[in-house]
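Heads up: the structure comes next, in structure tokens.
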Amino acid sequence: MPELPEVEVVRAGLAPAVVGARITAVDVIDERALTRHPAGAADFVSRLEGARVAAAARRGKFLWLPLEGDEQALMAHLGMSGQMLLRVPDAAPERHERVRLHVEHPAHGRLAVVFSDQRTFGSLAVDELIDTPDAAPGGFGTPLARIPTQAAHIARDPLDTAFDDAGFIATVGRRSSAIKRLLLDQNLVSGIGNIYADESLWASRIHPETPGTRLSARAVRRLLGEVRLVLEKALAEGGTSFDAQYVNVNGQAGYFSRHLCVYGLAGQPCPRCGTPIRRVAFMNRSSHFCPRCQRLRKNSL
DNA sequence: TTTTATCCCTGGAGGC
DNA sequence: TGCCTCCAGGGATAAA
């Protein structure tokens, strides 16, 4: 499931192949891949054909390719199972191929950029770029203080140098929601999904259902530090792959799953204390934690 | 404003 | 073998 590290691996893989390239043609195979582009497939195609890609940018789990000399960008969210694959121009269709962009790069020649998505939670759109409220770059990979309108509402991610640590700590301290719910709230901090939320909370020894109001500023600062460490380690390993749902632009898996301490490891010993990891239902998904290292305390942490 | 629940979707796993 | 149910989960939206 693509979270920040996986999306960043995709962005970094796409950048050298598409920045400076011209989009020569667009095939929309399945319109469900355009749920974020309400004007429809014909409008999507007409806005892209002939355009040149100026950059490859990302904030949290949102990825976008600003178009040169224009106020628009091709925006992508990979959802649960979306993939952006680089292929030779006449490559056979992928099993769950939804959209194919034909591009021509001045150095690399013709390429196909394939958006493939099994569960169809991902989507592409051509979106307007607007100014960022803090005048800092819109995201990683671009110096411009611009962001697609559909990504403008989400917070910066923890690896963004413009991330507001103090604002995050203060907001968490005011909210009574479970800390895991707050970590998954993209309006508060972006890029974290179920895997890295569980891993960061385990590293911080915080129970996922601890209310934000029960966490001291010091505890939230420590958690933020662990979030960054986990994300950076995952990035260095190429992201987390459990199956074919996440691969980089060349179709290769990441290796961070070898380093997971709790996620998906219910019943297995905690790497720190040996107590069996517990899995509980949480927000229509799963939480994994060590019942000994991560106790739910009544007093503040 | 904050919090919580529901829905969207596909394919693999497991039970019968 | 075939059918059925459950499960995975990011984000938008509605409801409380």
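Order of the sequence lines sets the chain letters (A, B, ...), proteins ahead of strands, with each chain counted from 1. Model, not experiment: these values are computed from the prediction.
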Does C:dA12 have its OP1 or OP2 closer than 4.0 Å to a side-chain nitrogen or oxygen of A:R36?
yes
Please determine, for the side chain of A:R279, which listed nucleotide (B:dC9, B:dT4, C:dC7) has the closest atom?
C:dC7
When you measure from the side chain of A:F121, which nucleotide among B:dT3, B:dC8, B:dT10 comes out closest?
B:dC8
Carboxylate-amine/guanidinium contact A:R87 A:E94, below 4.0 Å
yes
Regarding A:T35, tell me which of base, sugar-phosphate or nothing describes its non-hydrogen contacts under 4.0 Å with the strands shown.
nothing
Candidate nucleotides C:dG11, C:dA8, B:dT3, ranked by approach to the side chain of A:R119 - the nearest:
C:dA8
Between A:R98 and A:R285, which is nearer to the 5' end of DNA chain B once each is assigned its nearest nucleotide?
A:R285
Under 4.0 Å between a side-chain nitrogen and a carboxylate oxygen: does that hold for A:R156 and A:D134?
yes
Nearest to the side chain of A:K61 - B:dC9, B:dT3, C:dG11?
C:dG11
Look at the side-chain N and O atoms of A:R181 and state whether any lies under 4.0 Å from the OP1 or OP2 oxygen of B:dT4.
yes
Whole angstrom value for the distance that separates P of C:dA8 from CD of A:E6:
18 Å
Rounded to whole Å, NZ of A:K180 lies from P of C:dG10 at a distance of 9 Å
Which nucleotide in the set B:dT10, C:dG10, B:dA5 lies at the smallest distance from any side-chain heavy atom of A:Q118?
B:dT10
Side chain of A:R32 (C-beta onward), nearest among C:dG11, B:dT4, B:dC9
B:dC9
Considering only side-chain heavy atoms of A:S177, which listed nucleotide, B:dT3, C:dA8, B:dT10, is closest?
B:dT3
Where does the angle between the aromatic ring planes of A:F168 and A:F163 fall among parallel (under 30°), tilted (30 to 60°) and perpendicular (over 60°)?
tilted
Please state how far atom CG in A:L184 lies from atom P in B:dT4, giving the value in whole angstrom units.
13 Å
Report yes or no: is the cationic atom of A:R272 (NZ for Lys, CZ for Arg) closer than 6.0 Å to the six-membered ring centre of A:W202, at no more than 45° off its axis?
yes
